[in-house]
Amino acid sequence: MTEQPLTPIEQHHYDTIMERIGLNRLAAEERAARGEEVPEPEAAPAVTVPDPAAIREAVTQQAVLGALLDEVKAAYAAARTDAEYLLTQQYKATGSTKVDAMLPDGTKVGSITRTPGEIAAKVIDEDVFRAWVRDTYPSEHVVKAVPMRIVAEVQPGFTSKLLAEMTAAGRTQYADPTTGEVHDVPGVAIAPAKAASTRITYGRKSKAQALTGRELIAVAWRTTDLPARALPALAPAAEPADQ
């Protein structure tokens with residue numbers, strides 16, 4: 001295997017290090033010739049070994065919380081998927097986008113709002129789009145020479161301008177501000193850019209409610225059967241009924 005040559009920067013660093021090593025060696029030899037004692041290199045500071053119990057406690061804490069986090073993430077993803085689907089169905093049927101989030105006893109802790117998706121113009125056929133720009137706006141079509149090849153491309157700023165205007169118009173047409181001509185732009189489509197999702201808003205403290213929505217959930221988690229309802233995989237085992 002052929003060894004790769006050093007780059008100029010790597011060669012500079014290498015030469016600097018070797019020069020310092022040589023100077024240090026010469027200085028040590030001169031001190032030895034004069035009968036001076038050559039100082040020993042400074043010893044690295046001692047490292048205190050941590051308490052084994054503290055190490056075990058820390059790694060166990062990480063392992064336990066990691067396992068719990070995996071369960072919570074999976075359950076949250078499933079719950080979010082269900083909520084987004086149902087809120088979308090409700091929106092299609094009634095136009096409503098918001099629903100209150102409530103504990104089993106009816107206490108409101110916040111609300112969840114459906115946020116609509118977004119559409120945007122995007123280039124779906126680079127070659128067709130570039131050819132149209134070349135023929136229609138030649139000043140925005142450039143040919144660049146890069147190592148070993150020639151590249152033809154549309155000026156990025158012009159592409160961004162076209163896509164932004166077509167997104168705003170909701171159609172793949174561009175009205176030339178100079179000539180007034182409306183162009184049907186090939187190689188571009190109006191397509192989903194962001195899916196509909198949900199946004200959680202937790203309740204704030206008020207005169208009528210001294211706790212925030214998050215705090216209310218925490219209290220309910222400790223004092224009610226909320227764990228069994230929301231996250232049965234991690235809920236405490238039910239106490240056996242009295243015989």
Could you tell me whether the side chain of Val188 reaches within less than 4.5 Å of the side chain of Ile124, counting heavy atoms only? no
For Leu103, does its backbone N or O pair with a side-chain atom of Thr107 as donor and acceptor, under 3.5 Å? no
How long is the span from the CD atom in Gln155 to the OG atom in Ser160, to the nearest 0.5 Å? 11.0 Å
Can Thr60 and Gln62 be said to form a side-chain contact (heavy atoms from CB on, under 4.5 Å), step by step? CA-CA 5 Å; Thr60 300; Gln62 180 182 357; over 6 Å; no
Test your reading of the model: is there a side-chain donor-acceptor pair from Gln209 to the backbone of Leu211, 3.5 Å cut-off? yes
Counting distance only, does the side-chain N/O of Asp225 pair as donor-acceptor with the main-chain N or O of Ala228 below 3.5 Å? no
Of all the heavy-atom pairs spanning Glu84 and Ser197, show the shortest one and how long it is. OE2-CA, 3.6 Å
Please report the interatomic distance OH(Tyr202) to OG(Ser111), rounded to the nearest 0.5 Å. 10.5 Å
Is it the case that Thr97 and Thr113 place a side-chain donor and acceptor less than 3.5 Å from each other? no
Is the count of non-hydrogen atoms from other residues, nucleotides or ligands lying under 6.0 Å from Phe129 atom CZ greater than 12? yes
Kindly write out the residues that satisfy salt bridge (charged side-chain N to carboxylate O under 4.0 Å, His left out) with Glu140, not counting sequence neighbours, or none if the list is empty. none
Contact check, side chains of Arg199 and Arg114, non-hydrogen atoms, under 4.5 Å: no
Within the 4.5 Å heavy-atom criterion, are Ile217 and Leu226 side-chain neighbours or not? yes
Any link between Val182 and Val133 through a network of hydrophobic side chains (Ile, Leu, Val, Met, Phe, Trp, Tyr) touching at under 4.5 Å? no
Indicate if Met102 and Val99 have the same hydrophobic cluster label, given that clusters are the connected sets of ILVMFWY residues with side-chain heavy-atom separations under 4.5 angstrom. no
Using the rule that two of Ile, Leu, Val, Met, Phe, Trp, Tyr join whenever any of their side-chain heavy atoms come within less than 4.5 Å, decide whether Val123 and Leu162 are in one cluster. yes
Thr212 and Glu215, any side-chain heavy atoms less than 4.5 Å apart: yes
For Arg214, does the CZ atom sit with more than 12 other heavy atoms under 6.0 Å from it, leaving out its own atoms? no
Using distance only, find each side-chain donor-acceptor pair of residues 163-174 under 3.5 Å and give its atom names and separation, not counting sequence neighbours.
| unit_1 | atom_1 | unit_2 | atom_2 | d |
| --- | --- | --- | --- | --- |
| Thr167 | OG1 | Ala121 | N | 2.8 |
| Thr167 | OG1 | Leu163 | O | 2.8 |
| Arg171 | NE | Gln173 | OE1 | 3.0 |
| Gln173 | NE2 | Asp184 | OD1 | 2.8 |

Should Pro104 and Arg229 count as side-chain neighbours, where that means a heavy-atom distance under 4.5 Å? yes
Does some side-chain heavy atom of Arg149 sit less than 4.5 Å from a side-chain heavy atom of Val151? yes
Using a cut-off of 6.0 Å, state whether more than 12 heavy atoms not belonging to Gln89 lie near its atom CD. yes
Quick one: CD on Glu57 to CD1 on Ile55, what's the gap to the nearest 0.5 Å? 12.0 Å
How many angstroms lie between CD1 in Ile112 and CD1 in Ile200, if you round to the nearest 0.5 Å? 5.0 Å
Please tell me whether Phe158 and Val142 are part of a single hydrophobic cluster in this structure, the criterion being side-chain heavy atoms less than 4.5 Å apart. no
With rounding to the nearest 0.5 angstrom, report the NZ to OG1 distance, Lys98 to Thr115. 13.5 Å
Aromatic centroids of Tyr137 and His183 separated by under 6.0 Å: yes
Identify each donor-acceptor pair in which a side-chain atom of residues 46-53 lies under 3.5 Å from a protein atom, sequence neighbours left out, and give them as a table.
| unit_1 | atom_1 | unit_2 | atom_2 | d |
| --- | --- | --- | --- | --- |
| Asp51 | OD1 | Ala53 | N | 3.2 |

What I want to find out is whether Arg130 reaches Asp127 closely enough, with some N-O distance under 4.0 Å, to be called a salt bridge. yes
Sub-4.5 Å side-chain heavy-atom contact between Leu87 and Tyr85: no
Less than 4.5 Å apart, any side-chain heavy atom of Leu231 and any of Trp221? yes
